[in-house]
Amino acid sequence: MKAGFLLPQKKTEVNLTSVMEFVLLGFSDIPNLQMFLFVIFFFVYVIILMGNGIIVLIARVDQALQTPMYFFLSNFSFLEICFVSVTLPRMLTNLWTQKRNISLFACATQMSFVLTLGNIECLLLTVMAYDRYVAICNPLHYPLVMNHKVCVQMVVACWITGVPVETGQTYQIFSLPFCESNQINHFFCDIPPLLKLACGDTFLNEMLVFTVAVLFVTIPFLLILGSYIKIISTILRLPSATGRTKAFSTCSSHITVVVMFFGSAIITYLRPKSKHSSRADKFLSLFYTIVTPMFNPMIYTLRNKDAMMALRKLLP
């Protein structure tokens, strides 16, 4: 019987790199349109800043707009300015310079702000729906229930609730090991494209993303839906056609923004990882980070007589 010799086995190692920076590919797949996209997004950014800035201004200076609805709307418009300023300036810089590098820290910071501000937007839209619910379904109690102190407390709660959750989620994502590729096929640092670059099992991270999305997107959306079912039921029982029209007009702007924002956010963060495609992710992200903030001022001013009157007073 021959003595067998065991050959030393090669240790298999996962080829990981310590990623210190990422590359935001953005719209690099259409190189001939870089300057065209820069011009388009630059004007979009200016429109967003001016439109939402005007809403904040008229809600502050016009006495006729010193109501809870416009208090929430001015906070929402300020939030839209913050939200778009986290992503668009860097995207414009990348389009202009064609330098798409972003440091690990800058990427983590950007993602944390995008997620936190997105959560605040979900909560603030829910508060705005509650305001309409009380105004239409319990009009006699409205001044008592929605007094200035309560409104301020609601807004502060919206602004601080998502911060610890999204800071923790960002830390978890950036604690993952990343494979050799550091190219993010997106125009800002977001969870779905970053998880594609992560090595190993990301199941727990995906479950955390799903849980946070349910808490901050699905539940607020269901609360808004429940509020509007009750609101519409109450409006349809109003005896006056003029009263019904006025009540619907105060809600239609909010419903439009809710559908635009929540529709794209739910599809982005609640669909399975296998269903994600880079092109679809970019399109949906454009919708809730840029399109909604751009149309927000038009939706709320053009369809609102009080806001239009305040705007006419402001303009010479």
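These values consider heavy atoms only, across backbone and side chains, with no hydrogens, waters or symmetry-generated copies.
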Hey, any chance Leu197 and Val23 share a hydrophobic cluster, counting ILVMFWY side chains that come within less than 4.5 Å of each other, even indirectly?
no
Side-chain heavy atoms under 4.5 angstrom apart, residues restricted to Ile, Leu, Val, Met, Phe, Trp, Tyr: same cluster for Phe83 and Phe42?
yes
Donor-acceptor contact present, side-chain Gln66 to main-chain Arg60, <3.5 Å:
yes
Quick one, Asp131 and Met154 - any side-chain contact, counting heavy atoms below 4.5 Å?
no
Test side chain to side chain contact (heavy atoms under 4.5 Å, CB included) on Phe187 and Asn94; report intermediate values, then the result.
CA-CA 9 Å; Phe187 60 91; Asn94 293 348; over 6 Å; no
Tell me whether the count of non-hydrogen atoms from other residues, nucleotides or ligands lying under 6.0 Å of OH in Tyr142 goes above 12.
yes
Within-4.5 Å side-chain heavy-atom neighbours: Val127 and Cys158:
yes
When you look at Thr87 and Ser285, which way does the side chain to side chain contact (heavy atoms under 4.5 Å, CB included) test go after all the steps?
CA-CA 10 Å; Thr87 56; Ser285 298; over 6 Å; no
Angle class for the Phe283/Phe287 ring planes (parallel below 30°, perpendicular above 60°, tilted otherwise)?
tilted
Take atom OH of Tyr45 as the centre, draw a 6.0 Å sphere, and report whether it contains more than 12 heavy atoms from other residues, nucleotides or ligands.
yes
Sorted by chain and number, sequence neighbours left out, ring-ring contact (aromatic ring centres under 6.0 Å, His included) with Phe295 holds for none
Check side-chain contact (heavy atoms from CB on, under 4.5 Å) between Ser233 and all other residues, then give those that pass, not counting sequence neighbours.
Arg237
Nearest-0.5 Å distance, NZ of residue Lys282 to CG of residue Leu286:
9.5 Å
Taking Thr202 for its side chain and Asn205 for its backbone only, find out whether a donor-acceptor pair lies under 3.5 Å.
no
Roughly how far apart are His254 NE2 and Ser252 OG, rounded to 0.5 Å?
11.5 Å
Just by modelled atom types, is the Ile48 backbone N or O under 3.5 Å from a matching donor or acceptor in the Asn52 side chain?
yes
So Phe178 and Phe22, would you call those rings parallel, tilted or perpendicular, with 30° and 60° as cut-offs?
perpendicular
Before giving the answer on side chain to side chain contact (heavy atoms under 4.5 Å, CB included), spell out for Phe203 and Met207 the whole-Å C-alpha distance, their side-chain angles and the decisive distance to 0.1 Å.
CA-CA 6 Å; Phe203 178 76; Met207 285 297 100; 3.6 Å; yes
Write down the atom of Ile231, the atom of Cys137, and the distance for their closest heavy-atom approach.
CA-SG, 4.0 Å
Going from CG on Leu37 to CG on Leu92, what distance comes out if it is rounded to the nearest 0.5 angstrom?
10.0 Å
Could you grab the distance from atom CD1 of Ile160 to atom OG1 of Thr116, nearest 0.5 Å is fine?
12.5 Å
Can you name the closest pair of heavy atoms from Asp281 and Pro192 and give their distance?
OD2-CB, 3.9 Å
Any side-chain heavy-atom pair from Ile184 and Cys107 closer than 4.5 angstrom?
yes
Please find the pair of heavy atoms, one from Ile136 and one from Thr234, that lie closest to each other, and give the distance.
O-CG2, 3.7 Å
Quick one, Leu125 and Phe76 - any side-chain contact, counting heavy atoms below 4.5 Å?
yes
A side-chain contact here means heavy atoms from C-beta on lying under 4.5 Å apart; do Phe216 and Thr161 qualify?
yes
Least distance between heavy atoms, Leu24 atom then Arg90 atom:
CD1-CD, 4.0 Å
To the closest 0.5 Å, what do you measure between CD1 (Ile173) and CG (Leu208)?
7.0 Å
Can you hop from Phe105 to Leu115 via hydrophobic side chains spaced under 4.5 Å?
no
Can any side-chain N or O of Arg244 pair as donor or acceptor with the backbone N or O of Leu238 at less than 3.5 Å?
yes
Taking the side chain as every heavy atom from C-beta outward, state whether Phe221 and Cys122 have any pair of such atoms under 4.5 Å apart.
no
Neighbour count >12 (heavy atoms, 6.0 Å) for atom CZ, Phe174
yes
Relative to each other, are the rings of Phe27 and Phe41 parallel, tilted or perpendicular (30° and 60° limits)?
parallel
In terms of hydrophobic clusters joined by side-chain contacts under 4.5 Å, are Leu25 and Phe36 together?
no
Ile102 and Cys189 have their tightest heavy-atom pair at CD1-SG, 4.0 Å
Atom of Ile290, atom of Pro293 and distance for their closest heavy-atom approach:
O-CD, 3.3 Å
Between Gln172 and Gln169, do the side chains contain an N or O donor and an N or O acceptor separated by less than 3.5 Å?
no
Quick check: does any side chain N or O of Ser227 sit under 3.5 Å from a backbone N or O of Tyr130, one acting as donor and the other as acceptor?
no
I would like to know whether Tyr70 and Ile58 meet side chain to side chain contact (heavy atoms under 4.5 Å, CB included); could you show each step before the answer?
CA-CA 9 Å; Tyr70 287 101; Ile58 62 174; over 6 Å; no
Will you find, in the side chains of Asp190 and Tyr269, an N or O donor that is under 3.5 Å from an N or O acceptor?
yes
Any donor-acceptor N/O pair, Glu21 side chain to Asn101 backbone, under 3.5 Å
no
Between Ile255 and Leu225, is there a shared hydrophobic cluster once you connect ILVMFWY residues whose side-chain heavy atoms come closer than 4.5 Å?
no
Measure the shortest side-chain to side-chain distance between Phe188 and Val86 over non-hydrogen atoms and say whether it is less than 4.5 angstrom.
no
If you count the non-hydrogen atoms of other residues, nucleotides and ligands that lie under 6.0 Å from CZ in Phe210, is the total more than 12?
no
Side-chain touch Met146/Met69, heavy atoms, less than 4.5 angstrom:
no
Leu73 and its side-chain contact (heavy atoms from CB on, under 4.5 Å) partner, picked from Thr67, Val56, Ile55:
Ile55
How long is the gap from CG on Leu57 to CG on Asp62, to the nearest 0.5 Å?
10.0 Å
